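What follows is a short report on a single structure.
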Amino acid sequence: MRAGAGRLPLQTKGAFYVLLLITAIFLAVALVVYTSVKRDLEQQLVSENLRMVRDVATSARSPLVTTDLTGLQGLVEQATSNRAVKAAVITDATERILASTKLSELGQKRPAWAKGGESPSQAGSAADLIPVPTQDLLETASHPIRVGGDRLGTVHVRFAPQELRQIVAENLTATLKKLLWLGLFTGVVGAAGAFLVSGFVTRPIRRLTGQVEAMERELAQDEEGHHGGLRQEGDELDRLQHGFHRLRSTLNRYLVELDRLHQKQQALNCLATIGEMSAHVAHELRNSLSSLRGASRYLRRHPEKAEKAEFSQIIEDEVSRLYEMTEGFLDFSRPFEPQLEDRDLCELVTDTCSRLQTDFEGAGVALECACAEAQVCPVDSQLIHQALTNLLTNALDALEPGDRVRVRLEPKTEVSSRITVHDSGPGIPEEEHERIFKPFVTTKSQGSGLGLAVVSKVVLQHGGNIEVDNAPAGGARFTLSLPRKAT
């Protein structure tokens with residue numbers, strides 16, 4: 001049964017549960033109504049029987065005064081015509097029976113079941129009734145017969161509880177029929193409403209299940225390239241859960257494959273970079289070696305010539321260029337891990353500018369340094385110094401005498417500290433912004449093209465980033481963003 005219920009659609013299950021809830025509410029309300037109606041019927045029946053006893057007592061006054069025993073006997077027989085009355089007697093003031101449903105009791109004392117006696121209440125009031133209940137129904141009732149304030153006798157009536165219950169049950173039959181029809185109507189309307197409400201509530205789940213299964217059909221393929229089997233049993237929630245599990249395993253498999261492809265791509269990129277670096281090194285070496293070979297041949301063939309110093313300078317310049325190029329390659333290829341320590345960036349920027357001030361003055365380029373405030377940040381001071389030196393040297397090579405470079409430590413934020421290097425040169429074309437930080441990319445006639453690549457590597461190793469744009473007033477602007485907390 002449980003397995004069969006599991007194969008039902010979610011909408012049917014929801015409708016069934018809602019219908020169960022409606023049924024439980026209806027049964028609770030019907031029970032309350034049934035109990036209330038039954039109690040009202042019993043109270044109504046007790047009131048009618050007490051009124052009948054009071055009416056008999058009122059009717060018995062005249063026959064009792066005139067000693068009309070036939071009239072009293074007629075009243076007793078009239079009372080016993082009520083199906084709920086089991087026995088009735090009328091006694092005089094001395095409690096001797098004057099009329100009874102059993103003629104053998106005439107002249108005798110009142111029967112044991114008759115509990116009535118003198119009532120202390122006012123004559124003729126409803127309080128003169130002395131009911132004796134059995135459970136919820138009336139068993140006996142007595143009412144005095146009074147004339148002018150004097151008690152002349154008493155009417156005693158004994159009821160049949162079984163007949164009273166039968167009367168209540170007969171009257172409840174109509175109520176039960178109404179409740180039954182109401183329950184049937186409530187069931188039909190509730191079933192329709194429950195199905196509609198369940199469909200409305202479960203529609204997003206069914207839609208999501210369909211989308212997950214569609215995605216699963218697209219992604220979850222076996223090794224032969226065929227679609228894996230989808231789960232057809234269970235409701236939408238079971239299929240949705242199963243679909244999520246399959247998607248998770250499929251995505252995990254794809255992530256592993258993607259990681260493998262990424263590693264392969266990195267290896268290919270590394271090989272491509274090595275090949276490009278080798279070609280660049282070979283080209284630079286060939287140029288330098290050609291110059292060195294030409295200078296050395298000339299010196300060997302013409303040792304007495306006056307141009308000896310000039311060719312010696314060529315050899316020295318080419319060796320220096322090879323040395324600088326080699327240092328650039330080593331800086332870029334050398335793996336390093338920043339040794340972070342809290343340093344004041346303002347002090348670090350100022351110190352770097354001070355060391356390069358002589359070079360800028362010699363080239364006729366103004367170097368300005370501005371710090372808004374002291375900012376402590378976890379950095380490797382040597383690496384940041386190297387990055388700033390590369391940026392400033394790169395700017396110096398691109399500028400003419402009379403230009404200006406401004407280094408500024410921007411106001412700090414909660415997340416990062418920013419250093420901007422802004423020059424007044426021609427700027428950098430926008431198409432070069434994306435590739436300028438790649439190795440061997442340079443706009444200069446000389447140089448390895450590794451300076452900005454080293455800067456980008458240093459900043460990335462610190463968990464920051466570097467951006468380049470052209471300032472509105474002109475010139476290139478580099479922005480280094482460093483996190484204020486170690487990552």
Side-chain angles (χ1 to χ4, degrees), residues 321 324-325 327-328 331-332 343-373 375 377 379 381-413 416-462 464-482:
R321 192 168 72 87
E324 292 177 358
M325 183 181 65
E327 284 295 316
D331 289 340
F332 177 74
R343 290 294 302 271
D344 183 5
L345 290 182
C346 183
E347 178 183 349
L348 186 59
V349 169
T350 303
D351 180 65
T352 303
C353 292
S354 299
R355 295 185 183 186
L356 297 176
Q357 190 68 45
T358 303
D359 296 337
F360 274 79
E361 291 177 353
V365 177
L367 178 59
E368 301 176 1
C369 182
C371 296
E373 57 182 336
Q375 297 185 31
C377 192
V379 295
S381 58
Q382 292 184 356
L383 293 179
I384 296 299
H385 171 74
Q386 180 185 4
L388 290 175
T389 300
N390 286 1
L391 278 177
L392 293 174
T393 303
N394 190 74
L396 181 61
D397 293 339
L399 297 177
E400 299 292 337
D403 287 334
R404 183 181 71 256
V405 177
R406 181 179 177 85
V407 183
R408 175 179 172 82
L409 180 60
E410 302 292 340
K412 63 182 179 181
T413 65
S416 63
S417 295
R418 294 182 301 140
I419 303 173
T420 59
V421 178
H422 177 206
D423 62 52
S424 60
I428 301 174
E430 290 191 10
E431 59 271 15
E432 298 291 334
H433 289 180
E434 294 294 331
R435 56 188 298 269
I436 197 172
F437 296 107
K438 294 182 179 180
F440 313 116
V441 175
T442 180
T443 58
K444 298 183 294 184
S445 59
Q446 294 183 349
S448 63
L450 294 175
L452 293 180
V454 172
V455 174
S456 177
K457 183 178 179 181
V458 169
V459 175
L460 291 177
Q461 285 290 87
H462 280 77
N465 66 289
I466 181 171
E467 299 175 351
V468 61
D469 64 345
N470 292 324
R477 179 172 58 190
F478 291 85
T479 303
L480 285 70
S481 297
L482 300 173

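The chain is numbered in sequence order, starting from 1. The structure presented is a predicted model; accordingly, all values stated were derived computationally and were not measured.
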What's the spacing between [X] [atom1] and [Y] [atom2] if we round to 0.5 Å?
X: S456; Y: E467; atom1: OG; atom2: CD; value: 11.5 Å
X: R343; Y: L482; atom1: CZ; atom2: CG; value: 13.5 Å
X: L345; Y: S381; atom1: CG; atom2: OG; value: 10.5 Å
X: D344; Y: C371; atom1: CG; atom2: SG; value: 7.5 Å
X: Q382; Y: L348; atom1: CD; atom2: CG; value: 10.5 Å

Checklist entry - Taking atom types as modelled and ignoring hydrogens, do the side chains of R418 and T479 form a donor-acceptor contact shorter than 3.5 angstrom? => result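 Note: R418 and T479 side chains miss the donor-acceptor criterion.
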Checklist entry - Would you say the side chains of Q375 and S417 form a donor-acceptor pair under 3.5 Å? => result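 On atom types as modelled, these side chains qualify, holding a pair under 3.5 Å.
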Next on the checklist: Could you check whether atom CD of E373 has more than 12 heavy atoms from other residues, nucleotides or ligands sitting under 6.0 Å from it?
Outcome noted: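 Correct, the count exceeds 12.
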Closest approach of [X] to [Y] (non-hydrogen atoms, all atoms of both residues):
X: G427; Y: N470; value: CA-OD1, 3.6 Å
X: V458; Y: H462; value: O-ND1, 2.9 Å
X: V455; Y: A387; value: CG2-O, 3.4 Å
X: L409; Y: C346; value: CD2-N, 3.6 Å

So, does [X] use its side chain to make a donor-acceptor pair with the main chain of [Y] at under 3.5 Å?
X: D423; Y: R404; value: no
X: H385; Y: V349; value: no
X: H433; Y: I428; value: yes

Checklist entry - Going through the distances and angles, do L396 and V405 end up as a side-chain contact (heavy atoms from CB on, under 4.5 Å)? => result CA-CA 8 Å; L396 181 61; V405 177; over 6 Å; no
Quick check on side-chain contact (heavy atoms from CB on, under 4.5 Å): which of [options] does [X] satisfy it with?
X: N394; options: L452, L399, V421, T389; result: L452
X: F478; options: L388, L391, V407; result: L391
X: L480; options: T420, N465, V459; result: V459

Item to check | Residues S481, I466; criterion side-chain contact (heavy atoms from CB on, under 4.5 Å); working and verdict | outcome: CA-CA 6 Å; S481 297; I466 181 171; over 6 Å; no
Item to check | Min side-chain heavy-atom separation V454-Q386 under 4.5 Å | outcome: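 Yes, close enough: below the 4.5 Å cut-off.
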Next on the checklist: Could you check whether any side-chain heavy atom of R477 comes within less than 4.5 Å of a side-chain heavy atom of P472, counting everything from C-beta outward?
Outcome noted: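 Yes - at least one pair of side-chain heavy atoms lies under 4.5 Å apart.
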Which atom pairs, donor and acceptor, lie under 3.5 Å between side-chain atoms of residues 357-368 and protein residues at least two apart or in another chain?
residue : atom : partner : partner atom : Å
E368    : OE1  : R406    : NH1          : 3.2

